[in-house]
Amino acid sequence: MRIVKSIRSMQRQALAWKRSGVPIAFVPTMGYLHAGHISLIRQARKLAGAKGKVIVSIYVNPTQFGPQEDFKNYPRDLSTDARACRRAGVDVLFAPKDDEMYPKEVSGGYRTYVTELTLSTGMEGKSRPTHFRGVTTVVAKLFNIVLPDWAVFGAKDYQQAAVIERMVRDLNIPVRIVVAPTYREPDGLAMSSRNKYLEGDLRRQAVVLWQAIQRARATVEKRARPFEAERLRKELKGLIESRPAARLDYIEFFDPQTLEPVRKVSSGTHVALAVFVGKTRLIDNAHL
Ligand code: AMP
């Protein structure tokens, strides 16, 4: 496995592979890898095949964090991540530096952003107003550097995957987006690098996101007809906030294609939620 830190070297390597017809599958991440990320890498290997190349990027992208968010404290451990990637059969680990991705004023500055206008406005976009602009910008940059035939994203960040698919379509980027299922801990908590922040009892309370999803699923199964989203929202908020360290940020029921909120919930509706457990903000989502 090669570890590449320079954008120029990465792009040169990708161009050489492209010219000789070598397929490239790409997994963009912010590192501190867990089994969820590894499942995306395995999916990437399937897509690329034994003769193809799997590229994983590790980059904690400053532009997708708000000023009050955890950019500085976001967990980082490149050497452990590199070992995990090597074990998983990754060909190139691309770990660019901030001042190359977003050059400082002294070296010309950075002026261009990519913005998706519709799917990115609700839920995460509402709670974190500059988040998706940062995500679409960095992913567009990474696609131009890595030149992948496929890019694999996790369903854990459902809205993110939808926004990226839309960007790829609108900007005619020649990459196929593959969305892989959410990988969970045995008790149902969705794996996340941020779970590292959950110590002791907070870790136990964090299962409430999954419990809320299960409750929503049970309600849909029980009811024969579509029912009021607002009533279920209140019930789930009650369940979540019965955990002393948990505070609901949002819970939304929506159409899985358009991400438009629905007033009535039925089988096929999608649910997404964000919950603070202590100071840690966790998200999850599921098909009902
Ligand atoms: P992150 O490093 O958290 O930015 O995530 C990088 C990629 O891994 C994104 O496409 C995420 O959706 C995906 N991912 C994160 N957690 C999980 C999980 N528990 N299961 C599957 N994919 C995940």
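In this text, all values refer to a predicted model and were calculated from it rather than measured experimentally. Read the numbers this way: they start at 1 and go in the same order the structure lists the ligands and their atoms.
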**Request:** Kindly state each residue pair satisfying side-chain hydrogen bond (donor to acceptor under 3.5 Å, both in side chains) with at least one member in residues 86-97, sequence neighbours excluded.
**Result:**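 As it turns out, the side-chain hydrogen bond (donor to acceptor under 3.5 Å, both in side chains) pairs with a partner in residues 86-97, which skip direct neighbours, are R45-D91.
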Residues in the immediate environment of ligand 1 (any heavy atom closer than 4.0 angstrom)
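Only P28, T29, M30, H34, G36, H37, L40, Y74, F153, G154, K156, D157, Q160, P181, T182, Y183, M191 have heavy atoms that fall under 4.0 Å of ligand 1, ordered by chain and number.
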Would you sort out whether Y197 and D70 count as a side-chain hydrogen bond (donor to acceptor under 3.5 Å, both in side chains), showing the intermediate values?
CA-CA 11 Å; Y197 302 138; D70 57 346; 3.1 Å; yes
_Could you check whether E228 pairs with K264 (Lys NZ or Arg NE/NH1/NH2 to Asp/Glu carboxylate O, under 4.0 Å)?_
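Looking at K264 together with E228, the answer is yes, because their closest N to O distance falls below 4.0 Å.
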Measure up the Y74 and F65 rings against each other and bin them: parallel (under 30°), tilted (30 to 60°), perpendicular (over 60°).
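Perpendicular.
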E252 (side chain) donor-acceptor with L259 (main chain) under 3.5 angstrom: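 It does not hold such a pair.
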Please walk me through it: do T63 and Y102 pass side-chain hydrogen bond (donor to acceptor under 3.5 Å, both in side chains)? CA-CA 9 Å; T63 63; Y102 300 104; 2.9 Å; yes
